[in-house]
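Working notes for the structure below.
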Amino acid sequence: MDNFSRFSTVTHGNAFSAGLSLDTLRERVPAVFAPSAHERMSAKYTFIPTDRVLTGLTRAGFIPVDARQTQARKASPLHARHVIRLRRRIETISLRDSIPEVVLWNAHDGSGSYQLRLGCLRVVCLNGLIVSMGAFPSVRVAHRGDIVDEVVTSAIEISERFGVLASQVERMENRLLRKDEQMRFAERALAIRLPEPAQSGLLPEQLLTCRRVEDLGSDLWTCLNKVQENLLRGGLSRWTASGRRTRTRAITSIVEDVRINGRVWELAEEVLAA
């Protein structure tokens, strides 16, 4: 039996579902099942399909719960950059409103190696965060040789830091921010996506907009989640330079998603360290 066949399909309405089915993975991220590397790759490139790596990860106790890939008009969908979020089948680390995850991404066109980062999902909004590389370094595994065991070992090592992540999240939950501190956090976060905020047509306080009752808190953890979600999901009303009213677009680029995620988390770490 295939290692994925026993997993039920995840929906955004159920953050605790068992995981993605094989059929869902094939539909959502065809690059996971690429039969070969991109034709431009040299003989030095060792092609290891992502589904083989996932099989090794599931055997080690990880479950894929979310996946997506870059949608480019000219790029091959079988070789595009793709990202998969995984959780441990049995989790011993308890967070108040979040689930720790390992984030894996790869590409078969030479645009990147296998990379693993630490992340977590805030259940109340299904907000997927990726932590900074400062306190939680990423792991890169080049496409050289049979790297399945190396990727699995790296995932296990990252998951062993879930306890450290939980401690940091708890510190953020206990750090209350004054109104001026929240505004300063939002100002700095806005500059991450829009280097010239004055020309963006957005106000920093828009990043502090609450989308649900659980966002009403004034602690650093809640502030981080509000700001990150508003930056990435878009939908904020703004005025263009020509005076037209429009809304910000959601971030769809995997690279940009990871960059903004990591930088916003770094801002929160700086607040804790102050």
Side-chain angles (χ1 to χ4, degrees), residues 12 28-32 38 50 64-86 98 101-122 125-141 158 185-204 206-209 211 223-238 240-241 246-270:
H12 285 294
R28 191 177 297 182
V29 277
V32 168
H38 195 282
T50 306
V65 293
D66 194 19
R68 62 189 179 93
Q69 71 177 57
T70 299
Q71 303 295 329
R73 294 179 180 179
K74 297 182 179 181
S76 166
L78 286 178
H79 305 107
R81 187 184 299 272
H82 46 285
V83 61
I84 304 165
R85 302 183 76 102
L86 305 108
S98 306
E101 298 177 331
V102 172
V103 184
L104 167 74
W105 68 92
N106 182 40
H108 297 302
D109 60 359
S111 61
S113 58
Y114 274 101
Q115 296 184 48
L116 298 102
R117 292 274 291 271
L118 184 58
C120 64
L121 181 94
R122 187 176 180 231
C125 56
L126 298 174
N127 191 23
L129 296 100
I130 299 175
V131 307
S132 72
M133 291 191 292
F136 303 94
S138 65
V139 177
R140 296 173 182 263
V141 181
I158 287 178
F185 187 91
E187 288 175 352
R188 297 182 66 193
L190 180 58
I192 293 172
R193 177 171 177 178
L194 300 164
E196 299 182 6
Q199 300 178 19
S200 69
L202 285 175
L203 297 174
Q206 289 179 269
L207 298 186
L208 298 171
T209 301
R211 298 189 180 222
C223 183
L224 164 63
N225 275 275
K226 284 188 292 190
V227 167
Q228 185 262 20
E229 183 177 9
N230 283 318
L231 276 177
L232 293 180
R233 294 195 179 183
L236 299 179
S237 178
R238 73 183 187 93
T240 66
T246 185
R247 291 186 178 276
T248 57
R249 295 182 178 180
I251 297 295
T252 58
S253 164
I254 291 175
V255 174
E256 188 67 356
D257 183 301
V258 172
R259 184 189 74 84
I260 293 175
N261 248 305
R263 286 290 294 115
V264 174
W265 191 284
E266 286 176 5
L267 291 183
E269 289 178 335
E270 292 173 12

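In this structure, R188 pairs ionically with E270, as a charged nitrogen and a carboxylate oxygen lie closer than 4.0 Å.
The two residues S132 and G262 come nearest to each other via the heavy atoms CB-O, 3.5 Å. Scanning both residues, A250 and R233, for their nearest heavy atoms gives CB-O, 3.3 Å. Across all non-hydrogen atoms, the minimal contact from V29 to R68 is CG1-C, 3.3 Å. S237 approaches R247 most closely through the heavy-atom pair N-NH1, 3.7 Å. The shortest non-hydrogen separation linking C223 to L208 is SG-CD2, 3.7 Å. Scanning both residues, W265 and L224, for their nearest heavy atoms gives CE3-CD2, 3.9 Å.
Using the six-membered ring where Trp is involved, H108 and H82 have ring planes that are tilted, between 30° and 60° apart.
Side-chain contact between R28 and D66 is present, with heavy atoms from C-beta onward closer than 4.5 Å. The shortest distance between side-chain heavy atoms of P30 and L78 falls below 4.5 Å. Between I158 and F136, every side-chain heavy-atom pair lies at or beyond the 4.5 Å cut-off. The shortest distance between side-chain heavy atoms of I260 and Q228 does not fall below 4.5 Å.
Between the side chain of R193 and the main chain of L231, a donor-acceptor pair closer than 3.5 Å is present. In this structure, Q115 contributes its side chain and S138 its backbone to no donor-acceptor pair below 3.5 Å. Between the side chain of R117 and the main chain of V131, a donor-acceptor pair closer than 3.5 Å is present.
Here the CZ atom belonging to R263 is positioned 12.0 Å from the CG atom belonging to N261, to the nearest 0.5 angstrom. Within the model, atoms CG of L203 and CD of E187 stand 10.0 Å from one another, a figure rounded to the nearest 0.5 Å. Atom OG1 of T70 sits about 3.5 Å away from atom CD1 of I254, to the nearest 0.5 Å.
Residues satisfying the side chain to side chain contact (heavy atoms under 4.5 Å, CB included) test with T252, not counting sequence neighbours, are none. The salt bridge (charged side-chain N to carboxylate O under 4.0 Å, His left out) test applied to R81 returns no partner, not counting sequence neighbours.
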- request: Carefully, step by step, assess L121 and V65 under the rule side-chain contact (heavy atoms from CB on, under 4.5 Å).
  value: CA-CA 11 Å; L121 181 94; V65 293; over 6 Å; no
Chi angles and distances behind the side-chain contact (heavy atoms from CB on, under 4.5 Å) call for L232, E256: CA-CA 9 Å; L232 293 180; E256 188 67 356; over 6 Å; no
task: Would you check, one step at a time, whether the test side-chain contact (heavy atoms from CB on, under 4.5 Å) holds for L207 with L236?
output: CA-CA 8 Å; L207 298 186; L236 299 179; 3.7 Å; yes
message: Test side-chain contact (heavy atoms from CB on, under 4.5 Å) on I130 and R85; report intermediate values, then the result.
response: CA-CA 10 Å; I130 299 175; R85 302 183 76 102; 3.9 Å; yes
